[in-house]
Amino acid sequence: MGKELAKTYDPSGLEDRLYQKWLDKKYFHAEVDHSKTPFTIVIPPPNITGQLHMGHALDNTMQDILIRFKRMQGYNALWQPGTDHASIATEVRITEKLKEEGIDKHDLGREKFLERAWEWKKEYGGRIISQLKKMGSSCDWDRERFTMDEGCNRAVTEVFVKMHEKGYIYKGARIINWCPVCNTSISDAEVEYQEQAGHLWHIKYPVMKEDGTPSDTEFLTFATTRPETMLGDTAVAIHPEDERYSHLIGKSVMLPLMNRVIPVVTDTYVDREFGTGVVKITPAHDPNDFEVGKRHDLPVINVMNDNASINENGGKFAGMDRYEARRAIVKELEALGLLVKIEDYTHNVGTHDRCKTTVEPLVKEQWFVKMEELIKPAAEAVKNGEIRLIPERMEKTYFNWTDNIRDWCISRQLWWGHRIPAYYCDECGECVVAGQAPQQCPKCGCTHLTQDPDTLDTWFSSALWPFETLGWPEQTEELKYFYPTDVLVTGYDIIFFWVIRMIFSGYEHMGEKPFRTVLFHGLVRDGQGRKMSKSLGNGIDPLEIIEKYGADALRLTLITGNAPGNDMRFYYERVENSRNFANKVWNASRFIMMNMDGKTVTVPSAQELQPVDRWILSRLNTLVKDATDNMENFELGIAVQKVYDFIWDEFCDWYIEMVKPRLYNTDDAVSQNAALWTLKTVLTDALKLLHPYMPFITEEIYCTLQEMEEEHSESIMISRWPEYLEERSFPKEEKAIEIIKEAVRGIRNVRSEMNVAPGRKASVHVVSQDKEILDTFEEGKLFFASLASASEVVLQMDKAGIDPDAVSVVIPGATLYIPFADLVDIAQELQRLEKEQKRLEGELARVNGMLSNERFLSKAPEAKIAEEKEKLAKYTKMKEQVDARLEQLR
RNA sequence: GGAAGCAUAGCUCAGCUGGGAUGAGCGCUCGCCUGACUAGCGGGAGGCCAAGGGUUCGAGCCCCUUUGCUUCCACCA
């Protein structure tokens, strides 16, 4: 025996060995080669803080499937890997770690902190990569990049300076989302709204009388969820057409506690239907109020410090935390009789997606990207189909964002990230944006300039990922050859954060789209449909699954029965099934190799191939076509399902069983050789089709199989993807074998129903007037007998000489008789046949109904009509057979 | 408030441009250690495809309405 395979498939050990082989052979590496067509995927860079989770596992499985598929098809496939510095996520983790050591980030200082961060990167940055390797990911590791490596840093600076010159990047005081715990601004996309139970405080402000003193009878009542912001109120607003308050237009109210007189303004922003129709205006602490304030030229009074405590503008409340101040203010208002009532109220509160702290809207000087112009080509590209989103419905989500675009706040008050290339003159305050620190101030000539302390939003660099990883801003060969990339595979949850930003960046800086297709996948949830999360502790570690079941089983599980963009639930039972399938493939291969052992398998002539051989070759041929089509259309789950069904059902359960008698019959070497050749050929191609999904097991078997050859290829990875061949299509044999399969199924069914012991054989008479059908059975006699547990198979044109009490099975074009004289229960037999008769009558009624419908005949396509006619003939014949048999029994 | 998705076998899901639901896995049930595989083999039960309309010769699939669940966006004090 050439090589002994173990009885059950054991992935451990084997996977690492094969992966190392692939690395050694440089199969993952792609070089610019103009004789080949490139196929490129850039990896969504995992965070350096990251641990491989099921989302990564799914994302990377999909990418690896596509890249391996295209590589086998002969494309120059590049899967560009790398990691992301993940500015805030990493900074939070490091800060936490420092805290554990009793060190405050600010005491440590920026430089030392960054040293720690780089140490962290060194320690953990490689972890996720080694985990991706466990999955079998065929990334070109020689090209691994990092969002903060030298090249990416250059790209970021270049982009910032260029966009600033064009006026796309500006600095301005805007209301932004502030996280008082992380001490940084965050973008709109980072705010996560949570429904929280709170209160609605109804408060009234006294209206100012003509004499300039507050009235003690006339008030304006309104409601607020954040009473502490009243310290910064600079107006009260009503709707201009609200008759209830029209007499107050032009008047003022007294802001209690602060004793500030503030105007009553009119603005259509006010909803007359909501509450009392009165809104207090706090421009410094509410985005809408900020807009109102701008329209009415109201002062902006910031009453909060960065840590959300009240600042010196808050009078006697200065120094209190925002919630402490809230309580104190409510208490005082109540004492003054200005608190009307308190209502329970659940509302959405903006929180920071990283730390869940309630976000505080604050007015701050920040850097922004002006989006209006930039977004246009990005929206257009999806609209005109230059970029395709899969599934298509994601376009709606996409346009929802592009149509309501807001300027992107890109500055973060963090240390870990790309520092903003803006420098301020220590003398005159002039701001200079430049690739390198200027020697002197262009305005006053001062030589002391200080760089902006802020860093950029982490997505600023990932937006450039598809081209910065290929060398941009250098015009490298790689960039020219591999860009634009082909497919981006990612979760729909980062469409705003990342996908859109890459698209407009691609158009802006490269003048071209970053990728042709975006393939979205959903979330991997737990068995109860919940999101996997650390806080719930319901996460399933992919590495544990790999350890136990193998990477192939995990990959197959993640990809089967799942459509693009749909969430999926993770079940251990499904992994077990995948593992069982791996074992099935393993054992089928083991069986084939055992039988090939010691023999030289030669290519059989056309005549030497038997109908069953042609049947399975033809079925394989169809599979090649269908599965390839599905994969080209990114229907990965459907494609692999077809391969799975083919291997397990058609190949293992039918073909191998059909061929066994020929393998065991040493007298007919020609037939045996034809069977072995077919087995080997079909197995090899099936393994190839399966390889992108289950790379390890297919490689192991393929190589073992190849070792039995004189000239063997060294890896399935670099073998050619099977192609549909017209000369391998045998529709006639497909039909013929289908009839035999039906006969076998029918006989098994009857035997099972009658409780015939499996070991008990009986003769089977095949009665048909159709010469071709008899020929089919004649040719398949050997295996038909074995599958149908027949002691002998007798073919005849009529039922002469058959025991009239025999059990019968009707299949299209033939009736089978099995004489079980001692077992047959005529009543039961009648019942069975009557059931079959009824079924056929139903079918006939349906087909006849269609074919007698003139509108059907005139409107339905030709092919459909022909199909129905064929069915009519088939069922009519079968019914005649059943009728005749019933007649005979009665 | 706006939008999207989902509702198909006991459970979890597939079902391509409308053309018989022999759909998959698990579960259930009956029978088998049949010279690759009990991580297996053979048989079986189980679905008026959420409800109601419409378009069509024909609807799980297209249109409208309703109900239930999920998600995204906006965020009104």
Side-chain angles (χ1 to χ4, degrees), chain A residues 5 7-9 188 193 200 222-226 229 237 269-271 273-282 286-289 347-350 391 393-394 396-397 399-401 404 492-493 495-496 522-523 527 529 549 557 560-563 565-574 576-595 626 629-630 633 635 637-638 641 644-645 652-653 656-657 660 663-664 744-745 748-753 755-759 786-787 789 843 846-847 849-850 853-861 863-864 867-868 871:
Chain A
L5 289 177
K7 195 171 173 181
T8 50
Y9 174 59
D188 293 335
Y193 287 90
L200 202 49
F222 57 86
T224 178
T225 53
R226 294 187 299 156
T229 60
Y269 152 70
V270 180
D271 179 359
E273 309 301 316
F274 190 94
T276 57
V278 181
V279 187
K280 69 186 211 47
I281 301 298
T282 324
D286 183 282
N288 288 306
D289 293 7
H347 59 141
N348 280 333
V349 177
R393 69 181 128 88
M394 291 301 167
K396 301 228 160 130
T397 315
F399 292 132
N400 193 311
W401 180 268
N404 300 296
Y492 59 77
D493 49 333
I495 184 165
F496 306 126
L523 262 41
Y549 300 98
T557 304
T560 34
N562 179 241
N566 283 4
D567 289 356
M568 63 180 302
R569 298 190 191 196
F570 192 92
Y571 289 95
Y572 283 95
E573 291 87 340
R574 295 191 52 220
E576 274 172 29
N577 178 247
S578 300
R579 187 268 321 261
N580 293 354
F581 176 64
N583 194 48
K584 187 75 189 176
V585 172
W586 185 257
N587 273 292
S589 307
R590 195 163 69 99
F591 173 76
I592 292 167
M593 288 187 260
M594 267 166 51
N595 281 283
D626 291 351
D629 283 352
N630 286 134
N633 290 317
E635 295 159 341
I638 297 173
Q641 186 71 55
Y644 175 103
D645 289 342
C652 291
D653 289 348
I656 290 183
E657 294 304 323
K660 274 179 180 172
L663 296 178
Y664 302 146
V744 171
R745 274 193 288 255
R748 282 173 174 171
N749 183 332
V750 164
R751 289 178 61 101
S752 182
E753 263 181 35
N755 289 320
V756 180
S786 100
L787 297 185
S789 308
E843 295 288 359
R846 193 191 60 81
V847 178
M850 280 174 97
N853 184 335
E854 276 188 33
R855 281 180 294 191
F856 172 75
L857 291 173
S858 61
K859 292 190 176 178
K864 182 66 196 165
E867 197 186 315
E868 293 303 321
K871 280 181 199 163

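Lettering follows sequence order; numbering is per chain, from 1.
Side chain of Ser752(A) to backbone of Arg748(A): no donor-acceptor contact under 3.5 angstrom is found. The closest donor-acceptor contact from the side chain of Arg574(A) to the backbone of Thr557(A) lies under 3.5 Å. The main-chain N or O of Asn583(A) is found under 3.5 Å from a side-chain atom of Asn587(A) such that the two form a donor-acceptor pair.
For Phe274(A) and C75(B), the CZ to P distance is 15 Å, given to the nearest whole Å. Put simply, CE on Met568(A) is 19 Å from P on C11(B), counting in whole angstrom units. Distance CH2 (Trp586(A)) to P (A36(B)): 17 Å, rounded to an integer number of Å. We find that CD1 of Ile495(A) is positioned 18 Å from P of U71(B), with the value rounded to whole Å. In this structure, CG of Asn755(A) is placed 18 Å from P of G42(B), rounded to the nearest angstrom. Atom CD in Glu854(A) sits roughly 15 Å away from atom P in G58(B) (whole-Å rounding).
Within 4.0 Å of Lys396(A), counting heavy atoms only, lie sugar-phosphate atoms of the nucleic acid but no base atom. Nucleic acid contact for Tyr664(A): base, since at least one base atom lies under 4.0 Å from a heavy atom of the residue. Counting non-hydrogen atoms under 4.0 angstrom, Arg579(A) reaches a base of the nucleic acid. Residue contacts shown for Asn288(A) are limited to sugar-phosphate atoms, with no base heavy atom under 4.0 Å away. At the heavy-atom level, Tyr9(A) lies under 4.0 Å from base atoms of the strands shown. Asn566(A) comes within 4.0 angstrom of sugar-phosphate atoms only, judged by non-hydrogen atoms across all strands, and of no base. Residue contacts for Lys280(A): at a heavy-atom cut-off of 4.0 Å it reaches no nucleic acid atom on any strand shown. Asn853(A) comes within contact range of the sugar-phosphate backbone alone, with a heavy-atom separation under 4.0 Å but no base atom that close. Within 4.0 Å (heavy atoms only), Glu753(A) reaches no atom of the nucleic acid at all. Residue Asp567(A) is classed as having no contact, given no heavy-atom separation below 4.0 Å to the nucleic acid. Looking at heavy-atom distances under 4.0 Å, Asn583(A) makes contact with a base. As judged by a 4.0 angstrom heavy-atom cut-off over every strand, Asn348(A) is placed among the base-contacting residues. Within 4.0 Å of Phe222(A), counting heavy atoms only, lies no atom of the nucleic acid at all. Base engagement by Arg846(A) is indicated by at least one non-hydrogen atom pair under 4.0 Å involving a base atom.
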Give the C-alpha distance, both sets of side-chain angles, the deciding distance and a yes or no for side-chain contact (heavy atoms from CB on, under 4.5 Å) between Glu868(A) and Arg846(A). CA-CA 10 Å; Glu868(A) 293 303 321; Arg846(A) 193 191 60 81; 3.7 Å; yes
May I have the step-by-step check of side-chain contact (heavy atoms from CB on, under 4.5 Å) for Asn749(A) and Glu753(A), ending in yes or no? CA-CA 6 Å; Asn749(A) 183 332; Glu753(A) 263 181 35; 3.1 Å; yes
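Across all strands shown, G10(B) is found opposite C26(B) as a Watson-Crick or G-U wobble partner, with both distances under 3.5 Å. With both pairing distances under 3.5 Å, U34(B) is matched to nothing as a Watson-Crick or G-U wobble pair. Figure legend. G5(B) is base-paired to C69(B); pairs are counted as Watson-Crick or G-U wobble with both atom distances under 3.5 Å.
Nucleotides G5(B) and G15(B) are separated by 14 Å at their P atoms, to the nearest Å. Nucleotides G18(B) and G23(B) place their P atoms 22 Å apart, quoted to the nearest Å.
You'll find that the side chain of Phe591(A) is closest to A36(B), out of A36(B), G40(B), G44(B). You'll find that the side chain of Ser752(A) is closest to G43(B), out of A14(B), A77(B), G43(B). The listed nucleotides are C76(B), A39(B), A4(B); the one nearest the side chain of Asp286(A) is C76(B). Distance from the side chain of Arg748(A) is smallest for G42(B) among the nucleotides A36(B), C32(B), G42(B). Closest to the side chain of Lys7(A), from the set G42(B), C37(B), A77(B), is C37(B). In the set G40(B), A77(B), A39(B), A39(B) carries the atom at the smallest distance from any side-chain atom of Thr8(A). The nucleotide whose nearest atom lies closest to any side-chain atom of Ala588(A) is, among A36(B), C72(B), A77(B), A36(B).
Comparing Asn577(A) and Arg569(A) by the nucleotide of RNA chain B whose heavy atom lies nearest to each, the residue mapping closer to the 5' end is Arg569(A).
A cation-pi arrangement, defined by a distance under 6.0 Å to the six-membered ring centre and an angle within 45 degrees of its axis, is present between Lys660(A) and Phe591(A).
When all heavy atoms of Ala582(A) and Tyr9(A) are compared, the closest pair comes out as CB-CD2, 3.8 Å.
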